[in-house]
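Here's the structure we're looking at; comments come further down.
Residue numbers begin at 1 in each chain, while the letters A, B, ... track the order of the sequences.
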2 protein chains.
Amino acid sequence: MNSNTYSTVGSFGKKRISESTIHRLSRYYRTLSVLEKEGLQTVSSKDLAKREKLTPAQVRKDLSFFGSFGTRGLGYPVTELKHQMASILGIDRLWRVALIGVGNIGSALVGYKEFARQGFNIIKLFDNDQRKIGSNHKGITISDVRNLERDLKEARIEMVIIAVPATVAQYIIDDVVKAGIKAILNFAPANLKVPNDVFLRNENMSMELEYLSFALVNNHAQKK
Amino acid sequence: MNSNTYSTVGSFGKKRISESTIHRLSRYYRTLSVLEKEGLQTVSSKDLAKREKLTPAQVRKDLSFFGSFGTRGLGYPVTELKHQMASILGIDRLWRVALIGVGNIGSALVGYKEFARQGFNIIKLFDNDQRKIGSNHKGITISDVRNLERDLKEARIEMVIIAVPATVAQYIIDDVVKAGIKAILNFAPANLKVPNDVFLRNENMSMELEYLSFALVNNHAQKK
DNA sequence: TTAACTATGTGAAAAGGTTCACAAAAGTAT
DNA sequence: ATACTTTTGTGAACCTTTTCACATAGTTAA
């Protein structure tokens, strides 16, 4: 099977690709960027697996869902595989992103270089605080959240990051959905409801600390 | 089987508890806190599952790894179950946490209320920037990262959060390990190495945006 | 050119995680 | 009291994900 078998990038047949696979593709992409900077031409599934603390079979299987990118006896071409990962993840383009809630977490996210590096361009900021509205934050004027629906449409926003207090998150999200946004990343610690055709992902930064806490208290077996 | 069967909280026999289960316990804990505020006395696995978008069986199975907390015909006592979750996760106590790298992300984390609410007390800050060292950030004086090992020991730090640039993260982590720290939460986009007895978790905030990007581009089937 | 080596791609097996289905135990109503 | 309802706790079945193992195809060296 060669990569042309999957001529329509984006459909991937009827196969359901698991969340873990997608997350690992993100990691491969990042590591491939590093390898590229280190000047490597090719990388084997064994090398890549070692960097990611995975098995070589896992790496090959993940990639095999999307095509056949390697050369037997040699490995994978670093730069090309990086581009392939970007294309599969949809980060070989710019995304028009808005951020709602320019508080503690929100303002940090505006300056987060990794977002920009991967094509996520935060081009609109919203807040409900009169003191912030109209002011400039890292080159972007903060808009009034009261005009959220209208402004999201007007700016042709494709993704929204929510960093407001949990108490108001559902109201905000309802407006975001009304504006026709289909992809939302939520940092508020709340269980939010969206229609079935909207992708909602939650980022819970306490979760990993809690995992560490559990691991320490239970002296949980280290993986691998 | 009643909850006394597990008198030694923390051992849980030889059963290996999966990462997903632990993460769901975090979510249960948060939701139980909300339910408690709403004044609910009891909650059934069905109710809890609905809030978390899980199956009731999943909720019951997760809890059953740790004991038997419910009453048949009635459900689970909200407040008690919340305390049980806290105890299992090890967040029914205070953790002495240090944060290294008081930059964009780092300073946001210092003020992140959820950490404090769950017992994670950030009591030491470190940076390598002479302009920051000695200054006060939200009531904590920023220390020189050059004395990291000594200061971590002195302050009896138990967990470390790393929010430094990827290029220096490994050097920092080596010092953290030298100081005897066994739990590290890393925000730097890098694959870091630690000895086998150190718990390292990575927080990659781009990952979920990339998942959304993938979902949009591939019109990936929405889950359930 | 040939032999030895390396590394992919992938069915099949194994491991791991989730859901089913039901007995058991408690609550509720009459 | 008794019948009926609710809901837990849990083996077993099912489904998903990971790992194994090997045929295949390319590289490398002499």
Find which nucleotide of DNA chain D each of Q58(A) and G73(B) is nearest to by heavy atoms, and output the residue with the more 5' nucleotide. G73(B)
For G75(B) and for L54(A), locate the closest nucleotide of DNA chain D by heavy-atom distance; then report the residue assigned to the nucleotide nearer the 5' terminus. G75(B)
Please confirm whether the shortest side-chain N or O distance from [X] to OP1 or OP2 of [N] is below 4.0 Å.
X: Y76(B); N: dG9(D); result: yes
X: S68(B); N: dG9(D); result: yes
X: T55(B); N: dT19(C); result: yes
X: R24(A); N: dT18(D); result: yes
X: S18(B); N: dG16(C); result: no

May I have the distance from [X] (atom [atom1]) to [N] (atom [atom2]), rounded to whole angstrom?
X: D62(B); N: dT8(D); atom1: CG; atom2: C1'; answer: 14 Å
X: F66(B); N: dG9(D); atom1: CZ; atom2: C1'; answer: 15 Å
X: D47(B); N: dT6(D); atom1: CG; atom2: C1'; answer: 12 Å
X: H23(A); N: dT18(D); atom1: NE2; atom2: C1'; answer: 18 Å
X: F69(B); N: dT7(D); atom1: CZ; atom2: C1'; answer: 17 Å
X: R60(A); N: dT24(D); atom1: CZ; atom2: P; answer: 16 Å
X: F65(A); N: dG9(C); atom1: CZ; atom2: C1'; answer: 12 Å
X: E80(A); N: dT8(C); atom1: CD; atom2: P; answer: 14 Å

Nearest heavy-atom pair of V145(B) and I100(B): which atoms, and what distance? CG2-CG2, 4.0 Å
Minimum heavy-atom separation for I184(B) to I181(B), with atom names? CG1-CG2, 4.3 Å
From the set [options], return the single nucleotide nearest to any side-chain atom of [X].
X: K61(A); options: dT8(C), dT19(D), dG9(D); value: dT19(D)
X: S20(B); options: dG9(D), dT18(C), dC20(C); value: dT18(C)
X: T71(B); options: dA26(C), dT19(C), dT10(D); value: dA26(C)
X: L74(A); options: dT8(D), dT18(C), dT27(D); value: dT27(D)

Euclidean distance, [Y] [atom2] relative to [X] [atom1], rounded to 0.5 Å:
X: N191(A); Y: Q170(A); atom1: CG; atom2: CD; value: 10.0 Å
X: D175(A); Y: E149(A); atom1: CG; atom2: CD; value: 6.0 Å
X: F115(A); Y: N121(A); atom1: CZ; atom2: CG; value: 12.0 Å

NA contact type, T21(A), heavy-atom cut-off 4.0 Å: base, sugar-phosphate, or nothing? nothing
When you measure only distances, ignoring hydrogens and angles, does the side chain of R72(B) come within 3.5 Å of the base of dT8(D) through a donor and an acceptor? yes
For the residue pair F214(B) and Y211(B), does the interplanar ring angle fall in the parallel (under 30°), tilted (30 to 60°) or perpendicular (over 60°) class? tilted
